[in-house]
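Since we're looking at a predicted model, the values are computed, not measured. We count ligands from 1, going down the list as the structure has it; atoms in each ligand are counted the same way.
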Amino acid sequence: MDFIVNYKIQISKSIEELSEAFAQILIGKVNNSKDHFNIALSGGSTPKNIFEYLAAHHQNTIEWRKVKFYWGDERCVPPTDSESNYKMAYDALLGKLQIPAENIFRIKGESDPALEAKRYSEIIKKLLPPKNHISQFDLAMLGLGEDGHTASIFPGNIDLFNSANLFEVSQHPETKQKRITVTGRVINNAKQVLFLVTDGNKADIAAKVIEKKRGWQSLPASLVQPTDGKLIWLLDYPAAQKLKSGIKLEG
Ligand code: 6PG
């Protein structure tokens, strides 16, 4: 199966520069959106640094009141748990910006996973406009795991990517922690998809996915091929160092 993918790669010297690049994308898209802007946040440690940067430097440059916050995935833990993607985003950004509760649609990690995947799918179906008969996010943030997972779709359950449902129950392969995850139909239907990848420990997997190195097809992140949306890879130098184009470290 071959893909013709239109994507852009933006490489930044540091996480601050990458966060600024992300902020500029948000300024361009959010501030020019006519009414509201539906964003799916990703979890993990990379977004935490980015959210903290946005809270510190972009409280007044982005029209945050337009933004409705959803999640691409959530760990099945209470919202007060240090593992919670909601808690991480709230503490790093949403609370600092005083985002009104009515604009925050968290996945309820404390609920029964199967019921919550269903409930959240219904919420998304109800609140997001459809495109190609599938709910469409204005922007979907994604991270990249060292094993090639994205959102909470892992190589061992890659079939979730092509689920007919909008959200599914997943499980972390090592910790066995239950997760709720967005599926590939929704990811690939987003107007804009952003991979945010930092640190040298992601260099091999980033090159394998981007440059379709041997075994790329078995990686969930490789299946992210937005239909008529756009894909941008935001990498820092360490994460980009294995790309064939041979990133030259300036300075
Ligand atoms: C999660 C994320 C997950 C994450 C990757 C990369 O809930 O953990 O959605 O997909 O994006 O594991 O995480 P880092 O960017 O922190 O390495």
Worksheet item: Which protein non-hydrogen atom lies closest to atom 15 (O) of ligand 1, naming both residue and atom, and how far is it?
Response: Thr46 OG1, 2.6 Å
Acceptor/donor pairs from residues 86-93 side chains to any protein atom, 3.5 angstrom cut, sequence neighbours excluded:
unit_1	atom_1	unit_2	atom_2	d
Lys87	NZ	Asp91	OD2	2.6

Worksheet item: More than 12 foreign heavy atoms under 6.0 Å from NZ of Lys66: is that the case here?
Response: yes
Worksheet item: Checking side-chain hydrogen bond (donor to acceptor under 3.5 Å, both in side chains) against Tyr53, which of Lys48, Glu16, Glu20 comes through?
Response: Glu20
Discussion item. Suppose we measure from atom 2 (C) of ligand 1 to each protein heavy atom; which comes out shortest, and what is that distance?
Written reply: Asp73 OD2, 3.5 Å
Fill in: For atom 10 (O) of ligand 1, closest protein heavy-atom neighbour
Ala151 O, 2.6 Å
Worksheet item: Which residue holds the protein heavy atom closest to atom 11 (O) of ligand 1, what is that atom called, and what is the gap in Å?
Response: Gly143 CA, 3.2 Å
Discussion item. Taking atom CD as the centre, does Gln98 end up with more than 12 heavy-atom neighbours from other residues, nucleotides or ligands that are less than 6.0 angstrom away?
Written reply: no
Worksheet item: To which protein heavy atom is atom 8 (O) of ligand 1 closest, and what is the distance rounded to 0.1 Å?
Response: Arg75 NH2, 2.7 Å
Worksheet item: Should the pair Lys125-Glu122 be classified as a salt bridge under the 4.0 Å nitrogen-to-oxygen rule?
Response: yes
Fill in: Taking atom 4 (C) of ligand 1 as the reference point, the nearest protein heavy atom with its distance
Gly43 O, 3.8 Å
Item to complete: Within a distance under 4.0 Å of any heavy atom of Gly44, pick out the atoms of ligand 1 and give their elements.
Response: 1 (C), 8 (O), 16 (O)
Item to complete: Apply the test side-chain contact (heavy atoms from CB on, under 4.5 Å) to residues Val193 and Leu142: give CA-CA distance (whole Å), side-chain angles for both, the deciding distance (0.1 Å), then the verdict.
Response: CA-CA 7 Å; Val193 180; Leu142 292 174; 3.6 Å; yes
Item to complete: Please could you name the atoms of ligand 1 that Leu144 approaches to less than 4.0 Å, counting only its heavy atoms?
Response: 6 (C)
Discussion item. Can you tell me which portion of Lys202 lies within the under-4.0 Å heavy-atom range of ligand 1? Options are side chain, backbone, both, or neither.
Written reply: side chain
Worksheet item: Checking side-chain contact (heavy atoms from CB on, under 4.5 Å) for the pair Leu166/Ser135: CA distance, chi angles, key distance, verdict?
Response: CA-CA 8 Å; Leu166 303 187; Ser135 306; 3.5 Å; yes
Practice prompt. Decide if atom NZ of Lys68 counts as having more than 12 heavy atoms of other residues, nucleotides or ligands within a radius under 6.0 Å.
Written response: yes
Practice prompt. Mark the output for Arg179 as yes if a heavy-atom distance to ligand 1 is under 4.0 Å, and as no if none is.
Written response: yes
Discussion item. Considering only residues two or more places apart or on different chains, which pairs with a residue in residues 141-159 satisfy side chain to side chain donor-acceptor pair (under 3.5 Å)?
Written reply: Asp73-Ser152, Glu146-Asn201, Asp147-His149, Ser152-Arg179, Asn157-Ser170
Practice prompt. For Ser45, counting its heavy atoms only, list the atoms of ligand 1 lying under 4.0 Å from any of them.
Written response: 14 (P), 16 (O)
Item to complete: With heavy atoms of His149 as the reference, note each atom of ligand 1 found under 4.0 Å away.
Response: 3 (C), 5 (C), 10 (O), 12 (O)
Fill in: Heteroatom proximity flag, Pro47 to ligand 1, N/O under 3.5 Å
no
